[in-house]
K.L.:
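Here you go, one structure.
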Number of protein chains: 2
Amino acid sequence: MFDPMCPSSVLPFRIGDKWTGMVVRCLEQGPRRFGELRGPLRGVTSKVLSETLRAMERDGLIRRIAYPENPPRVEYDLTPLGRSLLPLLDAARAWSREHLPELLRARQAYDAD
Amino acid sequence: MFDPMCPSSVLPFRIGDKWTGMVVRCLEQGPRRFGELRGPLRGVTSKVLSETLRAMERDGLIRRIAYPENPPRVEYDLTPLGRSLLPLLDAARAWSREHLPELLRARQAYDAD
DNA sequence: AGCGCCGGTTTCGTTGCGGTAACCAGGACC
DNA sequence: GGTCCTGGTTACCGCAACGAAACCGGCGCT
C-alpha cells in the first residue's frame, strides 16, 4: 500500500504538478502550438512550459509534431492516454466548484484565531 | 482562467501534495489515531504527518479530537468536506488502475532512447 | 529512580518545483 | 547587415516540501 506504483498515489505522482492539468484542458479542443498555450496559461514561462510538455510527452500524454517550416511551427496534441484524463479533471473541477468556497472559509476562520 | 481560485487548479492547490489523499483514504472507515496513521502510510515521518494533518484541519477536511487521558489519545476524523473528496480519489484510483501501466510503459520506452 | 508509551516538536539538511533573465538558431524580410 | 519571428535552452536562484534523527512532557508502571 502506498508506494509510487500504488493507484492511490497517482495524483501527486503525475497530475499533482502545477501545469499538467491545465495543459490537458487547453488541448481538449484540438492541437495547439507552443505560443497558443502560453497565452491562456497566464504566468507560465517558456522554460516551465517546455519542461511540462517534455514530461508529458515522455509519459505518452501528448504528441509533439514539429513542422519543418519557417518560422518553425510545433503542435502539441493529446494522445488517447492524455484524453483519458479529462473525466478525472472534470471531477476535480466539479468538486472544486462545489466545495472550494467552503474550504477557503474554513481556512479563513482558522487564520482568524 | 487559471488563477489559484480557479476550479481547474484544485489538484495542485490542495490535494496535489504527497500525503493528503492517502490520509483521507486511511480515515475513510472511521476515526484513527496518530499512530494508526503512521502504520499504513509507510515512510511518512511524524513531522510530515503532523504537518499534513494540521493543514487538513485548517482547511476543514478533518477534525482533531484530543482526549485528556494518559497516555494521551488523539483521534482524527473526516469532516463531511473531507469525505466529499472520496469520489474524486476513487476516480483517480480508477484512472490509475486502468492507465498507469500504459504511462509507465511509455516512460520506459522514452528512457530507452 | 528509571523506563516506556503517545503524540508530537525541533534542528538540520536535501531535493525538486517553479520563476527570472539572458541567450540562441534558422530563416524571412528590409 | 540588422532585425523580427518562433520555439525554445541555459544559468542561476528562492522557497516550500520532504525527510532523518534527536528530543520532550506527562503519566503510569515496576
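Values in this document were obtained by computation on a predicted structure and should not be read as measured data.
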K.L.:
Go through DNA chain D in 5' to 3' direction and return only the first and the last nucleotide with some atom under 4.0 Å of chain B's heavy atoms.
P.N.:
D/dC18 to D/dC27

K.L.:
Which pair of heavy atoms, one from B/Val44 and one from B/Leu49, lies closest together, and at what distance?
P.N.:
CG2-N, 3.8 Å

K.L.:
Does a salt bridge link B/Glu28 with B/Arg25, judged by any charged N lying under 4.0 Å from a carboxylate O?
P.N.:
yes

K.L.:
For the helix from C/dA1-D/dT30 to C/dC30-D/dG1, what angle lies between the axis at the first five pairs and the axis at the last five pairs, to 10 degrees?
P.N.:
20°

K.L.:
Look up atom CG in B/Asp77 and atom CG in B/Leu61, then write down how far apart they are to the nearest 0.5 Å.
P.N.:
12.5 Å

K.L.:
Quick one: pull up CG in B/Leu81 and CD in A/Glu98 and give me the separation to the nearest 0.5 Å.
P.N.:
10.0 Å

K.L.:
Between A/Val44 and B/Glu36, which residue's closest nucleotide on DNA chain C lies nearer the 5′ terminus?
P.N.:
B/Glu36

K.L.:
Using the closest heavy atom to pick a nucleotide of DNA chain C for each, name whichever of A/Asp17 or B/Glu51 lands nearer the 5' end.
P.N.:
B/Glu51

K.L.:
Quick one, which residues of residues 59-77 of chain A touch DNA chain C with a heavy atom under 4.0 Å?
P.N.:
A/Asn70

K.L.:
Write out all pairs satisfying side-chain hydrogen bond (donor to acceptor under 3.5 Å, both in side chains) with one or both partners inside residues 79-89 of chain B, taking only residues at least two apart or from two chains.
P.N.:
A/Trp95-B/Ser84

K.L.:
What is the distance from atom CE of B/Met56 to atom CG of B/Leu27, rounded to the nearest 0.5 Å?
P.N.:
6.5 Å

K.L.:
Report the distance from atom CG of A/Leu89 to atom CD1 of A/Ile15, rounding to the nearest 0.5 Å.
P.N.:
5.5 Å

K.L.:
Have a look at B/Lys18 and say if it touches a base, only the backbone sugar-phosphate, or nothing, with a 4.0 Å heavy-atom cut-off.
P.N.:
sugar-phosphate

K.L.:
Table please: side-chain donor-acceptor pairs of residues 29-37 of chain A below 3.5 Å, with sequence neighbours left out.
P.N.:
residue : atom : partner : partner atom : Å
A/Arg32 : NE   : A/Cys26 : O            : 3.3
A/Glu36 : OE1  : A/Arg33 : N            : 2.8

K.L.:
Are A/Val10 and B/His99 side-chain neighbours, meaning at least one heavy-atom pair lies under 4.5 Å?
P.N.:
no

K.L.:
Could you give the CG-to-P distance, from B/Leu53 to C/dG8, as a whole number of Å?
P.N.:
8 Å

K.L.:
Could you please spell out the steps behind the side-chain contact (heavy atoms from CB on, under 4.5 Å) verdict for B/Leu88 and A/Leu88?
P.N.:
CA-CA 8 Å; B/Leu88 185 49; A/Leu88 185 48; 4.2 Å; yes

K.L.:
Once you round it to whole Å, what is the distance between P of C/dT20 and NZ of A/Lys47?
P.N.:
10 Å

K.L.:
Is the shortest side-chain N/O distance from B/Ser50 to OP1 or OP2 of C/dT9 below 4.0 Å?
P.N.:
yes

K.L.:
List the atom pairs, with distances to 0.1 Å, where a side-chain N or O of residues 102-111 of chain A and a protein N or O form a donor-acceptor pair under 3.5 Å, not counting sequence neighbours.
P.N.:
residue  : atom : partner : partner atom : Å
A/Arg107 : NE   : B/Asp59 : OD1          : 2.7
A/Arg107 : NH2  : B/Asp59 : OD1          : 3.3
A/Arg107 : NH2  : B/Asp59 : OD2          : 2.9

K.L.:
So what does B/Arg38 hit on the nucleic acid, given a heavy-atom distance under 4.0 Å: a base, only sugar-phosphate, or nothing?
P.N.:
nothing

K.L.:
What is the distance from CG of A/Leu49 to P of C/dT20, rounded to the nearest Å?
P.N.:
14 Å

